[in-house]
Amino acid sequence: MDYLKELNPEQRQAVEHTEGPVMIIAGAGSGKTRVLTYRIAHLIYAKGVDAFNILSLTFTNKAASEMKHRIEKLAGLEARNTWMGTFHSVFAKILRVEADKIGYPSNFTIYDTDDSKSLIRTLVKELRLDDKVYKPSVVLSRISGAKNRLISWQTYQNDPFVKADDEAALRPRMGEIYQRYQERLFKAGAMDFDDLLFNTNVLFRDHLEVLNKYQQRFKYVMVDEFQDCNKIMVALLGLLIKDVESPNLCIVGDELQTIYRFQGANLSNFEWVSNMLPEIQTIILDTNYRSTTNILNKSYDLISQSKHIHPLKKSPMIAGNDKLEKWQNDMPTLASYEDKEQEAYSIAYSIKELI
């Protein structure tokens with residue numbers, strides 16, 4: 001089965017570069033999912049790597065499920081043993097095994113957003129605070145933001161800048177709520193969604209034997225959509241490769257596609273990994289299978305005015321693609337909208353006119 005023949009030179013290079021750190025810059029339409037899928041299949045099928053030693057982190061369970069299914073077709077049922085899923089699902093699985101190290105039961109409850117808001121509502125009432133000022137959604141967002149920046153309730157309460165922000169927002173007792181919220185969760189043997197990453201970080205940081213265990217297990221680590229990782233995700237990756245000589249870390253992303261800035265995603269991720277692993281190799285997937293030349297040129301002219309690390313002018317792959325050939329000579333239009341509703345309405349109206 002010569003699956004490598006299905007790849008272009010850059011894709012094949014990314015698939016076959018399995019040893020040592022590598023950064024794959026993959027724009028929209030460049031065949032990124034195929035590269036990730038084939039790379040894992042190549043590790044199992046051609047390199048003889050135990051799927052149990054492969055960790056692949058994605059941002060949606062659906063993407064992980066689809067990738068695992070495609071890998072099975074290439075490498076067989078062994079692919080089912082790959083550790084593949086979202087950051088939260090994978091590290092929740094680890095916490096189920098190691099929770100006792102940080103004082104939690106292995107069958108800890110995971111609070112969803114409604115559970116968390118209900119608890120905060122109770123705490124606000126107990127503290128006799130104004131629930132119109134300390135709205136559960138606002139308080140939860142503040143706590144979530146702190147956890148995703150690796151700020152514990154102890155650090156939160158002792159940070160003068162955080163205190164100043166809360167006082168300016170007329171919510172000076174936010175730190176007290178954060179403390180009681182965490183204490184109540186712990187007492188109930190529960191974690192909220194953000195705790196799955198925060199507590200794994202605490203686990204790895206404070207229990208070196210546990211960290212070493214998973215460093216030995218995850219000999220190959222791959223991260224999709226690296227540009228959308230926030231501080232706590234990057235910190236966990238840092239721990240997994242800490243003191244590992246030339247780690248087999250593969251990150252895939254594109255600075256131009258960050259969509260989770262509201263959750264703390266940071267474009268400095270690429271700078272971080274380059275500084276931490278100066279020996280990292282960069283592979284750029286610069287063939288676009290989705291758009292015509294005119295669309296790519298117009299997009300590049302616009303995007304190239306912003307500051308990013310790896311400016312790309314992608315080459316289109318049009319030959320043999322009837323859909324792309326049909327629209328090859330059409331010129332795209334550039335539009336600006338006041339908000340997402342106006343944009344959605346305009347696009348829908350244009351589609352209606354076209355058909």
- Determine yes or no for a side-chain-to-main-chain donor-acceptor pair under 3.5 angstrom, with Asn158 supplying the side chain and Gln154 the backbone. yes

- Item | From CD1 (Ile151) to CD1 (Ile232), nearest 0.5 Å | 10.5 Å

- Query: Can you name the one residue among Ile25, Asp224, Thr37 that meets side-chain contact (heavy atoms from CB on, under 4.5 Å) with Lys32?
  - Reply: Asp224

- Qualifying residues under salt bridge (Lys or Arg N to Asp or Glu O under 4.0 Å), relative to Arg12, sequence neighbours excluded: Glu16

Atom pairs and distances, side-chain donor-acceptor, residues 344-355, under 3.5 Å, sequence neighbours left out:
| residue | atom | partner | partner atom | Å |
| --- | --- | --- | --- | --- |
| Ser346 | OG | Tyr337 | OH | 3.1 |
| Ser350 | OG | Ser346 | O | 2.9 |

- Item | Side-chain (Tyr134) to main-chain (Arg173) donor-acceptor, under 3.5 angstrom | yes

- Message: More than 12 heavy atoms of other residues, nucleotides or ligands under 6.0 Å from NZ of Lys101: yes or no?
- Response: yes

- Query: Any side-chain heavy-atom pair from Leu55 and Leu57 closer than 4.5 angstrom?
  - Reply: yes

- Any donor and acceptor pair, going by atom type alone, linking the side chain of Arg96 with main-chain N or O of Phe108 inside 3.5 Å? yes

- Message: Please determine whether side-chain hydrogen bond (donor to acceptor under 3.5 Å, both in side chains) holds for the pair Ser144 and Ser141, giving the CA-CA distance in whole Å, both sets of side-chain angles, and the decisive distance to 0.1 Å.
- Response: CA-CA 5 Å; Ser144 176; Ser141 177; over 6 Å; no

- Item | Separation of Arg217 CZ from Asn212 CG (nearest 0.5 Å) | 13.0 Å

- Query: Which pairs, with at least one residue in residues 110-123 and sequence neighbours excluded, count as a side chain to side chain donor-acceptor pair (under 3.5 Å)?
  - Reply: Ser116-Tyr181

- Query: Is Glu19 atom CD crowded by more than 12 heavy atoms from other residues, nucleotides or ligands, each under 6.0 Å away?
  - Reply: yes

- Note on the structure: Correct closest heavy-atom pair for Ile295 and Pro332 would be CA-CG, 3.9 Å

- How close do Ile54 and Thr82 get, heavy atom to heavy atom, and via which atoms? O-CG2, 3.6 Å

- Message: Please check this pair: side chain of Gln227 against backbone of Asp254, looking for a donor-acceptor N/O pair closer than 3.5 Å.
- Response: yes

- Query: Sub-3.5 Å donor-acceptor pair from the side chain of Glu225 to the main-chain atoms of Phe59, do we have one?
  - Reply: no

- Note on the structure: Only residue of Leu123, Ile120, Val124 satisfying side-chain contact (heavy atoms from CB on, under 4.5 Å) with Arg180 is Leu123

- Query: If we only count heavy atoms from C-beta on, is the Cys250 to Ile24 side-chain gap below 4.5 Å?
  - Reply: yes

- Query: Counting N and O atoms only, with roles assigned by atom type, does the side chain of Gln157 sit under 3.5 Å from a partner on the main chain of Gly175, one being a donor and the other an acceptor?
  - Reply: yes

- Message: Could you work out, with side chain to side chain donor-acceptor pair (under 3.5 Å) as the rule, every residue matching His88, not counting sequence neighbours?
- Response: none

- Item | side chain to side chain donor-acceptor pair (under 3.5 Å) partners for Gln342, two or more places apart | none

- Residues two or more places apart in sequence or in another chain: which of them pass ring-ring contact (aromatic ring centres under 6.0 Å, His included) with Tyr156? Tyr178

- Message: Tell me every residue that passes salt bridge (Lys or Arg N to Asp or Glu O under 4.0 Å) with Lys68, counting only those two or more places apart in sequence or in another chain.
- Response: none

- Item | Sequence-distant partners of Arg184, salt bridge (Lys or Arg N to Asp or Glu O under 4.0 Å), two or more places apart | Glu126

- Message: According to salt bridge (Lys or Arg N to Asp or Glu O under 4.0 Å), who are the partners of Lys62, at least two apart in sequence or on a separate chain?
- Response: none

- Item | Gln13 and Gln11: side chain donor to acceptor below 3.5 Å | no

- Ignoring hydrogens and geometry, is there a side-chain-to-backbone donor-acceptor pair from Lys219 to Gln216 under 3.5 Å? yes

- Query: Is the number of heavy atoms from other residues, nucleotides or ligands under 6.0 Å of His69 NE2 greater than 12?
  - Reply: no

- Is the backbone of Ile44 close enough, under 3.5 Å, to the side chain of Glu78 for a donor and an acceptor to pair up by distance? no

- Query: Taking only residues two or more places apart in sequence, or in another chain, which ones meet Lys213 in a side chain to side chain donor-acceptor pair (under 3.5 Å)?
  - Reply: Glu98

- With sequence neighbours excluded, give me every salt bridge (Lys or Arg N to Asp or Glu O under 4.0 Å) pair touching residues 147-164. Lys147-Asp192, Lys147-Asp195

- Message: Tell me every residue that passes side chain to side chain donor-acceptor pair (under 3.5 Å) with Thr155, counting only those two or more places apart in sequence or in another chain.
- Response: Ser152

